[in-house]
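Below: the structure, in structure tokens.
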Amino acid sequence: MPADLNELKPRLREFLLTQLLRRPSYPLRDDERLISGGLIDSFSLAQIAVYIEEAFGVYIPDTELTVDNMDTLDQMAAQVERWHANGG
Amino acid sequence: MEILSWPFAIFCAVVLAVYYLLERKAQNIWLLAASYFFYATWGWHFPAILLAATLVNYLLAQRIERKTEKKPAWLWAGVGINLLALVAFRLADRMSGGLALPFGVAAAPGEEAGLTRFLLPVGFSFYTLQAISYLLDVSRRQMPASRNPIDFALSMAYFPKLTAGPIERARSFLPLLAAPRRVDNESFGRGITLIAMGLVRKAVIADSLSRFLPPGIFQDPGTFSSLQLAAGIGVYAFVLYNDFAGYTDMVRGVSELFGIPLSPNFRQPYFSRGFIEFWNRWHLSLSFWLRDYIFFPLSRALLRRFPNPRHPLNLALPPMVTMLASGLWHGMTLGMAAWGGLHGIFQWIERLLTIGRPRKPAQSQPVLIQLGTWMVCFTLITLAWVPFATNDLSNALEYWRSLFAFQGGQPEALSVGWILPFIGLSMALDWVQYHSQDELVFLRWVRPAQALLLAMAVVLLVFSMGTGVDVSGFVYQGF
């Protein structure tokens with residue numbers, strides 16, 4: 001069952017910290033640059049996209065997984081909401 | 001008509017002069033006509049091939065857009081036709097011996113050095129990728145099929161990007177062609193700066209450095225000393241980069257004068273401290289195309305099937321398939337496959353070393369570690385250029401064998417004192433752009449500094465031309 005979108009940001013943050021950055025206590029800011037800051041790469045973006053599909057039932061197209069759309073936690077959450085609204 | 005030539009400069013001036021006099025709709029028709037004329041100067045039959053590719057993809061996209069049971073069949077037919085045409089042209093070109101080889105290398109034994117017989121239409125590999133992404137994006141409902149044949153034809157044929165990219169996606173490029181365009185002082189300044197940077201990279205750095213590549217070094221490497229081979233591949237790395245980055249800067253600059261911005265292709269790739277980072281800095285329009293249409297779909301499909309990201313297939317398959325596709329796109333030879341395969345292995349190993357470990361950005365590492373990782377990456381990337389340069393696996397193996405045989409000898413034909421200033425200039429240009437995170441940082445300098453820089457660029461250009469540098473064609477026009 002897809003998770004509630006109200007839990008979106010905390011769940012995304014937890015996934016990023018525990019599964020990708022492997023630093024659960026890292027003080028990740030909502031606007032911290034993850035791709036352009038060198039913290040995550042295209043392998044990680046694929047993982048995030050699949051996590052979003054499974055946790056929230058939202059499909060973000062491959063061509064939208066860009067630094068312009070997915071660089072920060074804020075941007076990731078906005079993309080999930082956008083594609084949820086689009087029936088993604 | 002070579003991009004770096006007086007006829008092209010005159011052609012651009014004429015096209016621009018008429019363009020500014022026309023209203024927007026007429027501007028697109030004029031640009032389309034100019035683009036087909038430009039293409040005809042490369043080969044009388046090339047416009048017919050481009051027109052056929054344009055018509056087929058324009059009609060197929062409209063079929064694909066319809067919600068019918070046959071939609072997947074039309075999509076695969078479209079992708080298949082484009083890929084088959086690319087493979088067929090590449091094979092025919094290879095069998096005819098007309099493969100474009102850079103820097104004075106004979107296309108076939110006995111032929112004049114530098115001669116290229118383009119059976120493969122110049123630019124075909126570039127606009128084929130644009131067409132495939134268009135069909136896929138229409139199929140995924142990320143854009144509507146174009147109903148404007150002029151704009152669609154122009155998106156395929158637009159002359160600044162026709163021969164060697166950047167590879168623009170129809171999804172972002174068609175709206176640019178439909179929007180009102182205004183060329184003001186700012187875009188004119190960007191255009192001229194890009195053209196000047198491109199000229200310096202191509203005519204001053206790449207073509208000057210290519211003079212120091214001894215003839216035959218990539219065809220008969222066994223006859224050269226280890227020192228010559230090491231210097232040779234190091235020089236080649238900077239020749240290739242500045243040649244392609246110079247081309248891209250120039251065509252982007254020309255396009256700015258028409259009020260149509262093109263995508264950047266490079267972000268100081270030789271400062272990368274990782275191989276994944278390198279592909280986020282080198283030939284971006286191709287790299288992102290491969291990422292979006294091969295790497296991501298494959299990675300996501302595998303992760304759904306094998307959720308553990310450390311599964312060997314998740315680690316190895318996406319980078320290997322993506323980079324092999326990149327190699328074969330450059331040429332259907334074992335040499336190009338080896339070059340792509342090596343980059344696939346580099347990314348696989350990098351992922352293997354970093355997955356499961358706490359992630360820190362490269363720039364927050366101690367300086368010595370940053371320097372060490374940069375040196376390892378730069379060395380391996382440079383060594384991987386060997387099969388790219390030889391375009392032949394047996395010559396590449398011979399090159400590496402002779403390089404690591406550590407045979408003595410002086411780098412006679414490679415005068416280090418002459419090479420280093422050009423490599424230094426390339427690195428200095430990159431350094432300024434890297435630190436400001438702005439490729440056009442020069443436009444923010446005070447006027448006297450801008451004037452001094454422009455004067456230096458002119459002096460360097462005149463000096464390079466005056467010393468008999470052969471301003472040759474661009475390497476990537478051969479792909």
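Below, chain A is the first sequence line, B the second, and so on; all start at residue 1.
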query: What residue, out of A:Val50, A:Leu65, A:Val67, A:Ile35, has the most heavy-atom pairs lying under 4.5 Å from chain B?
result: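 So the answer, after comparing A:Val50, A:Leu65, A:Val67, A:Ile35, is A:Leu65.
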message: Tell me whether the count of non-hydrogen atoms from other residues, nucleotides or ligands lying under 6.0 Å of CZ in A:Arg23 goes above 12.
response: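 Above 12, so yes.
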Heavy-atom neighbours of B:Leu368 CG exceed 12 at 6.0 Å: no
Looking at [X] and [Y], what are the two nearest heavy atoms and their distance?
X: B:Arg300; Y: A:Ala46; result: CG-O, 4.1 Å
X: B:Phe295; Y: A:Ser42; result: CE2-O, 3.6 Å
X: A:Asp41; Y: B:Ile276; result: OD2-CD1, 3.6 Å

I want to check something: taking the side chain as every heavy atom from C-beta on, are [X] and [Y] in contact at a cut-off of under 4.5 Å?
X: A:Pro61; Y: B:Gln142; result: yes
X: A:Gln47; Y: B:Pro307; result: no
X: B:Arg291; Y: A:Thr66; result: yes
X: A:Asn86; Y: B:Arg141; result: no

- prompt: With a 4.5 angstrom heavy-atom cut-off, which part of A:Ile40 approaches chain B: side chain, backbone, both or neither?
  reply: backbone
field: Heavy-atom contact with chain B under 4.5 Å, split by part of A:Leu20
entry: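 Contact with chain B: backbone only.
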Under 3.5 Å side-chain donor-acceptor pair for B:Arg169 and A:Thr63: no
query: What is the distance from atom CG of B:Leu315 to atom CZ of A:Phe43, rounded to the nearest 0.5 Å?
result: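 With rounding to 0.5 Å, CG (B:Leu315) is 7.5 Å from CZ (A:Phe43).
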query: How many angstroms lie between atom CG of A:Asp62 and atom CG of B:Leu298, to the nearest 0.5 angstrom?
result: 10.5 Å
Which atoms of [X] are under 4.5 Å from chain A, going by heavy atoms: the side chain, the backbone, both sets, or neither?
X: B:Asn280; value: neither
X: B:Arg273; value: neither
X: B:Leu302; value: neither

